[in-house]
> 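One structure, pasted below without further comment.
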Amino acid sequence: MTAIIALENPKKDNQYLVEKDDLVGEDSMGLDAGEKLSLDELLHGLMLHSGNDTAETLASNFSEEERRLLKP
């Protein structure tokens with residue numbers, strides 16, 4: 001679901017900031033807080049590495065409305 005929302009609502013500047021709170025889970029791409037990545041880089045980490053940190057980074061850059069779609 002995170003990938004779908006990210007693809008349907010990309011940021012205009014294509015820069016996604018990694019926040020400290022995004023660095024969660026055992027499966028990760030190995031992101032560092034403060035790092036900026038493109039949507040393509042994050043989707044690669046999300047799908048190929050099953051990166052929880054990439055999912056959190058994408059979600060933390062979503063609008064409040066988009067975040068509501070992720071909640072059960």
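Every heavy atom of this structure was used, including side-chain atoms; hydrogens, water molecules and symmetry mates were not. Throughout, numbering of the chain's residues begins at 1 and tracks the sequence. The shown structure was predicted, so the numbers you read here are calculated from the model rather than taken from an experiment.
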> Listed by chain and number, what are the salt bridge (charged side-chain N to carboxylate O under 4.0 Å, His left out) partners of E64, not counting sequence neighbours?
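Expected list: R67.
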
> Determine, stepwise, if the pair N14 / K12 fulfils side-chain contact (heavy atoms from CB on, under 4.5 Å).
CA-CA 6 Å; N14 196 33; K12 289 184 183 4; over 6 Å; no

> Can you give me the closest heavy-atom contact between L23 and A33, atom names plus distance?
CD1-N, 3.7 Å

> According to a 4.5 Å side-chain heavy-atom criterion applied to Ile, Leu, Val, Met, Phe, Trp and Tyr, with indirect links allowed, do L42 and M1 form part of one hydrophobic cluster?
yes

> With clusters defined by side-chain heavy atoms of hydrophobic residues (ILVMFWY) lying less than 4.5 Å apart, directly or transitively, does F62 cluster with M47?
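Looking at the clustering, F62 is in the same group as M47.
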
> Who are the side-chain contact (heavy atoms from CB on, under 4.5 Å) partners of D13, not counting sequence neighbours?
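Testing D13 for side-chain contact (heavy atoms from CB on, under 4.5 Å), a comparison that skips the adjacent residues, returns K11, Q15.
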
> Which donor-acceptor pairs under 3.5 Å do the side chains of residues 53-60 make with protein atoms, sequence neighbours left out?
| unit_1 | atom_1 | unit_2 | atom_2 | d |
| --- | --- | --- | --- | --- |
| D53 | OD1 | M29 | N | 2.9 |
| D53 | OD2 | M29 | N | 3.2 |
| D53 | OD2 | G30 | N | 3.1 |
| D53 | OD2 | L31 | N | 3.0 |
| T54 | OG1 | L46 | N | 3.3 |
| T54 | OG1 | G51 | O | 2.6 |
| T57 | OG1 | D22 | OD2 | 3.4 |
| T57 | OG1 | D53 | O | 2.9 |
| S60 | OG | D22 | OD1 | 3.2 |
| S60 | OG | D22 | OD2 | 3.2 |
| S60 | OG | E56 | O | 3.3 |
| S60 | OG | T57 | O | 3.1 |

> Within this structure, what is the CG-CG distance for the pair L39 and N9, rounded to the nearest 0.5 Å?
10.5 Å

> Roughly how far, to the nearest 0.5 Å, is OG1 of T2 from CG of L7?
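If I round to the nearest 0.5 Å, the distance is 11.0 Å.
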
> Only pairs at least two apart or in different chains count here, so list each ring pair (Phe, Tyr, Trp, His ring centres under 6.0 Å) that has a residue in residues 5-24.
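Residue pairs with at least one partner in residues 5-24: there are none.
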
> If you look only at pairs with a residue in residues 30-46, which of them pass as a side chain to side chain donor-acceptor pair (under 3.5 Å), with sequence neighbours excluded?
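Matches after skipping sequence neighbours: S38-E41.
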
